[in-house]
Amino acid sequence: MAETKGGPTASGDVTSAPRKSSWKYIGPGIVVAATGVGAGDLVATLIAGSNFGYTLLWAAVIGCVVKISLAEAAGRWHLSTGRTLFDGWASLGRWTTWFFVVYVVVWGFVYGAAAMSSSGLPLQALFPDVMDLKWWAILTGVVGLVFVWFNKYAVFEKVMTVLVGVMFVVTVYLAIRVTPNLGDAFAGLLPVVPDEKDSILNTLGLIGGVGGTITLAAYGYWVNAKGWTNTGWMKVMRLDNRVAYITTGVFVIAMLFVGAEMLHSTNVAIASGDKGLVQLSDILEKEYGNATAKLFLVGFFATSFTSLIGVWHGVSLMFADFVERYRKTRAGADSKALTGEEVASGAREKSVPFRAYLLWLTFPPMILLFEGQPFRLIIIYGVLGAAFMPFLALTLIWLLNSARTPSEWRNGWLSNGMLAVAGLLFLILTVKQITDQDWGSFF
């Protein structure tokens, strides 16, 4: 999606890189698509379809295009500089390190509980008499921990690809089953904002909510983990990235079709959050039978569990990179030794910091499954989560227009325009998130 000022050039040893991009190389894009589209994204899209029919289809499409530009920029930084994204952030000043540390600690604690609960919900619905939701949630968290702990990227990617296949089959099947009105769907590609209260902010929220937050930053790490470490892989990365967000677009559009046809046309409302998907399975059972409802729950599980193990792997890689830089800085070593080649070697995935963050994502959040999520922590989590995307967009603009990036791989006008739009969009959503919080009760 993003355009740069130059073409491919040799950078380091590119003998293993292909002469041209090919479908057979794609992989990290599948991982980022699977991780980025969680149950919450599907519910938000369902509710958009329920409230507005096909009117906001264009917003979902733009959301995918915006995320293409962000992921491409992250991948381009890793390949063009040979350095990791955290190394780039650290070069902008200590404030980036402090933001990242606070973010991954607080966000990881709350997200861990949310991801486990989301993965447990469809299992409880499929097997209602086996055990309570919290025990299903704990089981999925532990299974995710064990899987990521004992497997390197290659196996991780294969499993994610299988689960994405399940998601794809289920969502496309449902979209076809509800018999979408294709005329209305094409009309929904026209940029029209519904004439209702807060419709502009709801529209921006749909654009911003399509496919990933910190997982977009993790994309560059997955590119390196795949073995892509230099500019010889740039065309492959860009194809891979487009595949990621075309796949994301299919998921989102399919669920918007379901919301528009099953919910909007019949004035049926569902709850926000993951429980809305359990409600949808009940509606599907009444309309299309038990088999369709069960198939949907399998797809729901695949959607939630890919997000869980994707974060367990990708954000742990980023945390391990942060710790390694901190160690080298303390020792007075050259921080530029933090390279994509180190990520590609697989050493990060067996490191103590990687596994320590895995444990942080899994076990402390189990407290929240039993005690409920504390009010103040949820507010901080919400604000930090909203702030990460403008942080990512604006720092990528900074890095990719500076001397830190080789001149031939710096941003062109299209890349800068898309990243600026993304930064402005997410800044507006951050302000909304902050103003919507109940700060009076917080203090």
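Along the sequence shown, the residues carry numbers beginning at 1.
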Please verify the inter-ring angle class for [X] with [Y]; under 30° counts as parallel, over 60° as perpendicular, anything in between as tilted.
X	Y	value
W95	W398	parallel
F319	Y357	parallel
F156	F147	tilted
W89	F100	tilted

Taking only residues two or more places apart in sequence or in another chain, which ones pass side chain to side chain donor-acceptor pair (under 3.5 Å) with Y173?
-> R177, T292
[X] side chain vs [Y] backbone, donor-acceptor pair below 3.5 Å:
X	Y	value
R348	V343	no
T81	W77	yes
T140	A137	yes
T215	V311	no
D132	W136	no
S91	G88	yes

Quickly, which of L174, V170, I176, V169 forms a side chain to side chain contact (heavy atoms under 4.5 Å, CB included) with V172? Name it, please.
->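 Going through L174, V170, I176, V169 one by one, the side chain to side chain contact (heavy atoms under 4.5 Å, CB included) with V172 is satisfied by I176 alone.
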Would you mind listing every salt bridge (charged side-chain N to carboxylate O under 4.0 Å, His left out) that reaches into residues 281-298, with sequence neighbours excluded?
->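 For residues 281-298, and leaving out neighbouring residues, there are no salt bridge (charged side-chain N to carboxylate O under 4.0 Å, His left out) pairs at all.
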Residue pairs involving residues 282-302 (criterion ring pair (Phe, Tyr, Trp, His ring centres under 6.0 Å); sequence neighbours excluded) | F301-F305
What is the distance from atom OG of S351 to atom CD of E324, rounded to the nearest 0.5 Å?
-> 8.0 Å
In sequence, state the C-alpha distance, the side-chain angles, and the governing distance for Y54 and E261, and then conclude on side chain to side chain contact (heavy atoms under 4.5 Å, CB included).
-> CA-CA 9 Å; Y54 294 100; E261 293 296 336; 2.5 Å; yes
Evaluate whether atom NZ of K158 has more than 12 neighbouring non-hydrogen atoms of other residues, nucleotides or ligands under 6.0 angstrom away.
->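 No.
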Close aromatic pair by centroid cut-off 6.0 Å: F354 and W312 |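 Distance test on ring centres: not under 6.0 Å, no.
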